[in-house]
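First up is the structure itself, then whatever we jot down about it.
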Amino acid sequence: MNLQDGGWRDRLKAGGEQITRGARSLGRGLTDLLLPPLAWDSPESAASAGLTPDAWSRVVFLEDPVCDGCGAGFEMDGGAFASPRCAACLAQPYAFDRARAACVYDAASRGLILKFKHGDHQPFAPLFARWLSRSAAPLLEQADAVAPVPLHRLRLLSRRFNQAAEIARPLARDAGLDYLPDALVRQTHTTSQGGKSARGRRLNVGKAFSVSAEGRRRIKGRRILLVDDVLTTGATAEACARALLEAGARAVDLAVVARVRTARELPM
């Protein structure tokens, strides 16, 4: 009798949950009917929240084959005997081990990223995290924890949020990985990287990052996936990776939403 009573209780509970889900779905449907959702990249209404078809079609997503070291796309598949890394990564590897980018940084993706970064368009964060869960899947499979590139506290006050952290948080959660928002610290308030040469960028952020005392404990002997929004010369990610490695991380990989189209130039 008790088994039967338990079975009925489970059925009633399941039925109640189904009714609740149905009510929520109906509520959302009525809301969308009265107030249609807006596209994130446009003031026009859309069938569901997200990008307009035009925005989707203009984003150039990076597909294999890509350089394992910097994430740049190769023009063609070299076959089974081709190197997985571009010439520059073979000649002078980054401090981080591997890198992946979801898309090319160009006029289409730049507009979306800048709206998120400077326009406080928070819905872009989970969208970008989903993009990275696909492009950086090989890195996520081997990662022990996820850490965002930090902002200096002064810049954080002016911007109100760290765009890398907003992407890294849902990425780590959905992958079931440890999230380390405070492992890396930006100890100096550097000037913007925009407009600087590759050497200028390296000098600007060379000693800008350190690892907190708690961060040292949590990264020691672990493979860390570093997350940022854009990769250009790699100076910022390189400085972060060096700080993590010096603090005891076993290895560091990099995942970014977008990277410049061209591969690295051979060092002179």
Side-chain angles (χ1 to χ4, degrees), residues 60-62 64-74 83-106 109-110 113-114 117 128 131-132 135-136 138-140 143 146-152 155 162-165 167-168 171 183-188 190-211 219 223-247 249 251-268:
V60 181
F61 290 100
L62 283 165
D64 286 336
V66 299
C67 172
D68 197 45
C70 68
F74 287 133
S83 171
R85 302 199 171 214
C86 68
C89 284
L90 288 172
Q92 186 174 319
Y94 279 120
F96 49 85
D97 189 26
R98 298 173 298 171
R100 291 294 185 276
C103 64
V104 171
Y105 189 60
D106 57 11
S109 63
R110 185 186 305 118
I113 291 170
L114 291 180
K117 193 171 182 176
F128 291 155
W131 288 6
L132 286 186
S135 63
L139 311 188
L140 286 164
V146 176
V149 170
L151 288 179
H152 188 270
R155 186 160 293 169
N162 177 359
Q163 73 280 358
I167 299 167
L171 181 67
L184 271 171
V185 178
R186 194 159 193 153
Q187 56 192 1
T188 58
T190 57
T191 57
S192 172
Q193 293 282 70
K196 288 184 171 61
S197 65
R199 182 174 182 275
R201 285 170 178 257
R202 289 195 299 272
L203 292 173
N204 191 41
V205 297
K207 298 294 183 182
F209 302 96
S210 64
V211 177
I219 69 168
R223 191 174 195 108
I224 308 300
L225 180 62
L226 184 67
V227 174
D228 204 1
D229 54 355
V230 176
L231 175 67
T232 48
T233 64
T236 298
E238 176 109 42
C240 288
R242 290 191 186 281
L244 290 166
L245 292 168
E246 289 171 4
V252 178
D253 294 323
L254 174 68
V256 295
V257 177
R259 62 149 296 132
V260 293
R261 183 184 295 272
T262 55
R264 299 170 65 195
E265 295 181 357
L266 283 169
M268 301 299 291

Which distance, rounded to the nearest 0.5 Å, do you find between the CZ of Phe61 and the SG of Cys103? 6.0 Å
So how far is it from Ser210 OG to Gln187 CD, rounded to the nearest 0.5 Å? 4.0 Å
Note, Leu62 side chain near Arg100 side chain (heavy atom, < 4.5 Å): no
Are Val211 and Ile219 close enough that some pair of their side-chain heavy atoms sits under 4.5 Å apart? yes
Answer whether the closest heavy-atom distance between the side chains of Thr232 and Arg259 falls below 4.5 Å. no
Backbone N/O of Val149 and side chain of Asn162: donor-acceptor pair under 3.5 Å: yes
Work out which heavy atom in Arg85 is nearest to a heavy atom in Phe74; give both atom names and the distance. C-CZ, 3.8 Å
How long is the gap from CG on Asp64 to OG on Ser135, to the nearest 0.5 Å? 10.0 Å
How far apart are the closest heavy atoms of Cys240 and Leu226, and which atoms are they? CB-CD2, 3.6 Å
So that I can tick it off, tell me whether Glu238 and Arg242 are bridged by a salt bridge, with the cut-off set at under 4.0 angstrom between side-chain N and carboxylate O. yes
With distance as the sole test, does Asp228 use its side chain to make a donor-acceptor pair with the main-chain N or O of Leu231 at under 3.5 Å? no
For residues Ile113 and Ala258, report the shortest heavy-atom separation together with the two atoms involved. CD1-CB, 3.7 Å
Ring of Tyr105, cation from Arg110 - is the NZ or CZ under 6.0 Å from the centre and inside 45° of the axis? yes
Once rounded to the nearest 0.5 Å, what's the spacing between atom CG of Leu225 and atom CG of Leu171? 6.5 Å
Hey, what do you get for CZ (Arg186) to OG1 (Thr236), rounding to the nearest 0.5 Å? 5.5 Å
For Leu90 and Ser83: C-alpha separation, side-chain torsions, deciding distance, then whether side-chain contact (heavy atoms from CB on, under 4.5 Å) applies. CA-CA 9 Å; Leu90 288 172; Ser83 171; 3.6 Å; yes
Looking at Ala147 and Ile224, what are the two nearest heavy atoms and their distance? CB-CG2, 3.9 Å
Value for CZ (Phe96) from SG (Cys70), rounded to nearest 0.5 Å, stands at 7.5 Å
In chain order, what residues pass the side chain to side chain donor-acceptor pair (under 3.5 Å) check against Arg223, with sequence neighbours excluded? Asp97, Asp253
At their closest point, which heavy atom of Ala164 faces which heavy atom of Val227, and how far apart are they? CB-O, 3.5 Å
Heavy atoms only: give me the nearest Ala95-Leu245 pair and the separation to one decimal. O-CD1, 3.5 Å
Looking at side-chain heavy atoms only, is the closest gap between Arg98 and Leu254 below 4.5 Å? no
Flag the pair Val257 / Trp131 as yes when at least one side-chain heavy-atom distance between them is below 4.5 Å, and no otherwise. yes
